[in-house]
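The next block holds one structure in the form of structure tokens; read it before the comments.
By convention here, the first residue in the shown sequence is residue 1. This is a predicted model, so every value here is computed, not measured.
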Amino acid sequence: MGSAETVIYMDNHATTRLDPRVLEAMLPYFTELYGNAASTTHVYGWQAKEAVDAARETIAAAIGASAREIYFTSGATESNNLAIRGLAERTPADCHRVVSVCTEHPSVLDPIEKLGQKGWETILLPVIQAPHDRAGLIELDQLAAALRSKTALVSVMLANNEIGAIQPIEEIARISHEAGAVVHTDATQAIGKIPVNVDALGVDLMSFTAHKLYGPKGIGALYVRRRSPPIRIEPLIYGGGHERGLRSGTLNVAGIVGFARAIELAHQDLANESVRLRNLRDQLYQGLQAAIPNIALNGPALNPPNQRIPGNLNLSFPGVDGETLLLALKDVVALSSGSACSSANPEPSHVLRALGLSDQIARTSIRFGLGRFNTSEDVLRVTQAIARAIHDLRSMGIYPPL
């Protein structure tokens, strides 16, 4: 079996390697500056609070927000739950209606399903079907039609975690606000990969996390608009009144410092890195196309670049079971067949199903997530390994189960 040192990592949508520069920034807050940011009577607490305040400013500035609009959580799953369930708790009974998209992450779909069980009307919009060049995006006229009834919340992911589709959030927010709805976006896969500005997007609530942009696991944030008009949500966790009462719990100071350093680094080289990753992704796709007959791209076309995040590639390999292919490649490359949060679910990807793919074709699909530490040499090695594995599996007649 290949070791973690020799296997090429291309599952950066699931999580990313901690950047050594992020680790360097975090280390003092484990062993030297280890105070509780809520301790107000001594220097250790003051130092911790100062670090948190500085990090909050850095993170807010990166997305065009104010520091008081950033609330720290344990990650994007908690942020999504806090946004959806927290707003629901504040919504009058005559407005119990939420609109979202069928390709959302489970941490959005599951809370919405729970609202449905409590009597809310829940609308999940379809997406454009494959093989259209805009497959995975929503039709804005369908959103407008869904908002003819009074709606409390519209929640649409900015960038999809499986097919990389970038939704037109600015237009979605405009249409939703005209209908009187609050707008939430899960920006987990977008932050650090494409420019994200909350005012330009027009969103009221936005979830994101550190471990998708070379920061630590276990720390995320929720942006909550405080301007024109301010958004009010109820906390999910009580006890201590941390984060101005919205999210109680001792702050993860080292994680917060790492989060800020990670987002700072991502934004320093955002334009150049986006181009580099897009080129690597295109090199991988073109290499696989040349080496393997009958492969299909899942999701929007790779061009124009503004409809798919850099580094994302999702391909179907008809005639080969995706999980079998992953096992055949385990000593060469780390990949996945879909969302890490759904990997224990034996069902085919709900995102690929939403594109109109059959279960059989969905089971032949692999997600590639290229990242900061991938190289052109990695792409060449992976292309060659996949081509060999596909040839061997197809010659053996190993097909995905019906």
Side-chain angles (χ1 to χ4, degrees), residues 10 13 100-106 108-109 123-143 146 156-169 171-172 186 189-190 194 278 281-282 284-326 335-339 341-343 345-370 386 390 394 399-402:
M10 286 190 179
H13 299 323
S100 190
V101 183
C102 59
T103 53
E104 293 292 308
H105 190 271
V108 167
L109 293 176
I123 306 296
L124 296 181
L125 298 174
V127 295
I128 297 170
Q129 303 286 280
H132 196 282
D133 282 353
R134 296 177 61 242
L137 302 180
I138 69 167
E139 295 281 19
L140 294 176
D141 58 349
Q142 292 183 339
L143 170 66
V156 180
M157 182 186 285
L158 178 50
N160 189 270
N161 56 304
E162 293 193 34
I163 56 173
I166 300 173
Q167 299 287 1
I169 295 295
E171 291 86 352
I172 289 168
D186 176 358
Q189 297 290 345
I194 61 174
R278 195 172 295 119
R281 188 265 314 278
D282 292 352
L284 177 61
Y285 181 46
Q286 291 160 10
L288 291 171
Q289 271 190 315
I292 305 166
N294 303 322
I295 66 173
L297 176 69
N298 299 320
L302 304 188
N303 283 300
N306 64 349
Q307 62 184 12
R308 192 171 190 138
I309 53 173
N312 172 269
L313 191 64
N314 193 306
L315 299 175
S316 294
F317 299 92
V320 175
D321 177 56
E323 296 297 329
T324 304
L325 177 59
L326 293 179
L335 297 166
S336 68
S337 55
S339 170
C341 297
S342 303
S343 60
N345 186 347
E347 293 296 313
S349 160
H350 74 283
V351 174
L352 299 184
R353 280 173 156 176
L355 296 180
L357 301 187
S358 68
D359 287 1
Q360 184 173 17
I361 292 298
R363 285 192 172 102
T364 72
S365 301
I366 298 295
R367 177 184 69 172
F368 299 82
L370 287 83
I386 292 176
I390 293 284
R394 281 180 173 169
Y399 293 91
L402 294 173

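- In terms of the side chain to side chain contact (heavy atoms under 4.5 Å, CB included) criterion, residue partners of Pro305 (sequence neighbours excluded) are, by chain and number, Arg278, Asn303.
- Heavy atoms only, all atoms of each residue included: His350 and Pro106 are closest at CE1-CD, 4.5 Å.
- Remark: the backbone N or O of Asn161 is paired with a side-chain donor or acceptor of Arg367 at under 3.5 angstrom.
- Here the shortest heavy-atom pairing between Ala135 and Leu355 reads C-CD2, 4.0 Å.
- With contacts defined as side-chain heavy-atom distances shorter than 4.5 Å, the pair Asp359/Arg353 qualifies.
- Rounded to the nearest 0.5 Å, atoms CD1 (Ile366) and CD1 (Ile390) are 8.0 Å apart.
- From Glu171, atom CD reaches atom CG of Leu140 across 6.0 Å, with rounding to the nearest 0.5 Å.
- With rounding to the nearest 0.5 Å, the separation of OG in Ser365 from CG in Leu325 is 10.5 Å.
- The minimum heavy-atom distance linking Pro310 with Ile194 is given by the pair CD-CG2, 4.0 Å.
- Closest approach of Cys102 to Leu109, counting heavy atoms only: O-CD1, 4.0 Å.
- Between the His13 side chain and the Asn160 main chain, no donor and acceptor come within less than 3.5 Å of each other.
- Residues passing the side chain to side chain contact (heavy atoms under 4.5 Å, CB included) test with Gln289 are Tyr285, Ile295, sequence neighbours excluded.
- Of the possible polar contacts, none joining the Asn314 side chain to the Asn298 backbone as a donor-acceptor pair under 3.5 Å is found.
- Judged by distance alone, with hydrogens and angles left aside, the side-chain atoms of Arg281 form a donor-acceptor pair with the main-chain N or O of Asn312 at under 3.5 Å.
- By the 4.5 Å heavy-atom criterion applied to side chains, Leu313 and Leu297 are counted as neighbours.
- Of all heavy-atom pairs between Ala130 and Leu357, the closest is CB-CD2, 4.1 Å.
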Legend entry - side chain to side chain contact (heavy atoms under 4.5 Å, CB included) assessment of Thr103 paired with Leu124: CA-CA 9 Å; Thr103 53; Leu124 296 181; over 6 Å; no

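- No donor-acceptor pair under 3.5 Å is formed between the side chain of Glu323 and the backbone N or O of Thr364.
- The main-chain N or O of Gly319 is never found under 3.5 Å from a side-chain atom of Arg394 such that the two would form a donor-acceptor pair.
- With rounding to the nearest 0.5 Å, the separation of CG in Leu125 from CG in Leu137 is 12.5 Å.
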Legend entry - Derivation of the side chain to side chain contact (heavy atoms under 4.5 Å, CB included) call for Arg134 and Glu139: CA-CA 10 Å; Arg134 296 177 61 242; Glu139 295 281 19; 4.0 Å; yes

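- In this structure, Arg308 contributes its side chain and Ile163 its backbone to a donor-acceptor pair below 3.5 Å.
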Inset, instruction - Verify side chain to side chain contact (heavy atoms under 4.5 Å, CB included) between Ile166 and Asn306, making sure each step is shown before the conclusion. - result: CA-CA 7 Å; Ile166 300 173; Asn306 64 349; 5.7 Å; no

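- For the pair Ser337 and Leu326, the tightest heavy-atom approach, listed with the atom from each and the gap, is N-CD1, 3.9 Å.
- With rounding to the nearest 0.5 angstrom, the CG atom of Leu143 is 10.5 Å from the OG atom of Ser100.
- For the atom pair Ile138 CD1 and Ile172 CD1, the distance stands at 3.5 Å (nearest 0.5 Å).
- Under a 3.5 Å cut-off, the side chain of Gln307 and the backbone N or O of Asp133 do form a donor-acceptor pair.
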